[in-house]
K.L.:
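Pasting a structure here, questions to come.
Numbering of ligands and ligand atoms starts at 1, following listing order. Note that the structure is a prediction, hence the values are computed from the model and not measured.
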Amino acid sequence: MAITLRSKLLATLDTVQMPTKVEMRQGAPNKNAHPRQKVTYEEGRSLRYRRENCGRRIMKAVKALAPAALFAVFFCAGAGAEDSKTSGPAQPPGVPAKEFEAKAGYCETCHGLSARGFIGTNPMPRLAGQQPGYIKNQLQAFIDRRRLNPVMGNVAHVLSPAMVDFLSTHFKDLDPPPYGGAPKDLMSEGEKIYHEGVPSAEVPACETCHGQDAYGMDQFPRLAGQLDGYVIAKLTNWSKERGQDPNNPDNSQVMGPIAEKLTKEQIAAVAAYVSDLK
Ligand code: HEC
Ligand code: HEC
């Protein structure tokens with residue numbers, strides 16, 4: 001069984017096109033642009049390119065894991081809407097620049113300077129460099145209470161749809177160094193798990209979906225530089241926090257079975273590894 005999954009995944013990797021760092025950065029918005037003009041033509045084009053590949057790639061990755069072709073629907077469901085948004089002007093109507101800047105500053109009071117993440121009572125996740133498609137999904141999941149967190153639930157609940165759109169793309173350009181602090185001695189085991197998975201436990205390589213450099217893509221989150229305490233907590237509590245509305249299943253179902261199969265030690269190792277990636 002393990003061998004079947006492994007070979008299926010290898011076959012998937014042969015055909016699945018994960019973006020290289022260069023491809024993913026090609027569309028990087030101009031850092032000097034006014035926030036209202038953040039999404040450049042190149043960015044729009046690159047998002048469209050990614051979207052066209054989205055359905056095929058995800059179908060293959062997900063089919064390799066479970067007989068649930070169903071998931072592909074969720075993944076690309078938002079695609080059309082975002083596509084038209086990025087090919088037009090970046091600024092959604094109804095968000096005055098000042099209001100937006102105040103809100104983005106408010107996010108940093110918890111998520112750290114430049115949204116690098118912060119360790120307080122609980123680790124606050126890094127948002128810097130995070131994929132807009134993923135951030136948007138999470139904000140909506142907090143609003144819908146599909147993703148449970150009392151603090152973020154309240155923060156997200158008051159955001160207008162236009163503000164959600166704007167905030168989703170805001171963090172992509174920030175590039176502070178990783179917060180750091182994870183145990184170095186776990187990193188080589190983590191690296192192996194990240195790139196090869198755990199075939200004996202039918203855990204696929206993380207890079208299949210999160211990318212070789214852990215930059216993620218679209219609705220697949222970036223893991224590079226994510227705080228290790230946060231990654232450990234999320235993988236440990238996945239089934240209690242994510243996908244909590246059975247009538248409205250979401251992308252969390254793709255990650256759930258993987259999180260469940262990882263042992264405590266494997267979680268600690270892979271979390272240490274990704275947290276150190278720039
Ligand atoms: C009062 C503190 C606080 C503030 C302010 C705050 N957050 Fe959060 N945020 C959190 C915590 C805590 C989590 C982790 C939730 C969890 O563990 O599931 C989180 C998680 C998130 C996530 C999910 C990250 C991931 O990797 O899945 C997103 C997206 C997010 N916040 C966006 C925002 C945005 C945008 C703002 C500003 C409007 C904001 N947050 C303001 C505390 C805060
Ligand atoms: C088949 C694709 C797939 C594979 C393989 C995969 N993931 Fe994920 N992962 C996802 C998706 C999709 C999400 C976002 C789920 C959501 O939107 O709720 C995710 C989310 C996560 C998150 C939450 C990020 C955050 O900011 O809260 C972590 C941590 C994570 N994955 C770690 C891993 C690790 C470690 C591995 C390898 C052992 C792995 N993933 C393999 C698809 C995958």
K.L.:
Does CZ in F142 sit with more than 12 non-hydrogen atoms of other residues, nucleotides or ligands closer than 6.0 Å?
P.N.:
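Yes, the 6.0 Å shell around CZ holds more than 12 heavy atoms from other groups.
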K.L.:
Applying side-chain contact (heavy atoms from CB on, under 4.5 Å), name anything that partners S188, two or more places apart in sequence or on another chain.
P.N.:
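S188: no side-chain contact (heavy atoms from CB on, under 4.5 Å) contacts found.
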K.L.:
Against heavy atoms of V270, which atoms of ligand 2 measure under 4.0 Å?
P.N.:
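This gives 35 (C) as the contact atoms.
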K.L.:
H195 versus Y273: any side-chain heavy-atom pair under 4.5 Å?
P.N.:
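A side-chain contact exists here, since the closest heavy-atom pair is under 4.5 Å.
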K.L.:
What does the 4.0 Å heavy-atom contact list look like for ligand 1?
P.N.:
K103, Y106, C107, C110, H111, M124, P125, L127, Y134, I135, Q138, L139, F142, R147, N149, V151, M152, V155, L167, F171, Q226, Y230, K234
K.L.:
Return the minimal non-hydrogen interatomic distance between V155 and Y106, and the atom names on each side.
P.N.:
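Between these two residues, the closest heavy atoms are CG2-OH, 3.8 Å.
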K.L.:
In this structure, does ligand 2 have an atom that sits under 4.0 Å from one of the heavy atoms of Y273?
P.N.:
no
K.L.:
With a cut-off of 2.8 Å, does C206 put an N/O/S atom close enough to atom 8 (Fe) of ligand 2?
P.N.:
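It does not: C206 brings no N, O or S atom closer than 2.8 Å to atom 8 (Fe) of ligand 2.
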K.L.:
In this structure, would I232 and V198 fall into the same cluster of hydrophobic residues linked by side-chain contacts under 4.5 Å?
P.N.:
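Per the 4.5 Å side-chain linkage, I232 and V198 are co-clustered.
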K.L.:
Donor-acceptor pair, Q131 side chain versus Y215 backbone, under 3.5 Å?
P.N.:
yes
K.L.:
Does only the side chain of Q266 get under 4.0 Å from ligand 2, or the backbone, or both, or neither? Count heavy atoms.
P.N.:
neither
K.L.:
Could an N or O of ligand 2 be found under 3.5 Å from any N or O of W238, whether backbone or side chain?
P.N.:
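No.
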K.L.:
Between F171 and H111, is the ring centre distance below 6.0 Å?
P.N.:
no
K.L.:
Please confirm whether Y134 and H210 have ring centers closer than 6.0 angstrom.
P.N.:
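No - the distance between ring centres of Y134 and H210 does not fall below the 6.0 Å cut-off.
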K.L.:
Report, in ascending order of atom number, the atoms of ligand 2 lying under 4.0 Å from any heavy atom of C209.
P.N.:
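By the 4.0 Å cutoff, the relevant atoms are 1 (C), 2 (C), 3 (C), 4 (C), 5 (C), 42 (C), 43 (C).
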K.L.:
Grab the two heavy atoms, one from C206 and one from I193, that are nearest each other, plus how far apart they are.
P.N.:
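Reported closest heavy-atom pair: SG-O, 3.9 Å.
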K.L.:
A side-chain contact here means heavy atoms from C-beta on lying under 4.5 Å apart; do Y194 and L277 qualify?
P.N.:
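No, side chains not in contact.
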K.L.:
If the cut-off is 4.0 Å to any non-hydrogen atom of V203, which atoms of ligand 2 fall inside it?
P.N.:
38 (C)
K.L.:
Numbering the atoms of ligand 2 from 1, which are under 4.0 Å from a heavy atom of V254?
P.N.:
1 (C), 2 (C)
K.L.:
Any idea which atoms of ligand 2 are less than 4.0 Å away from a heavy-atom of A205?
P.N.:
5 (C)
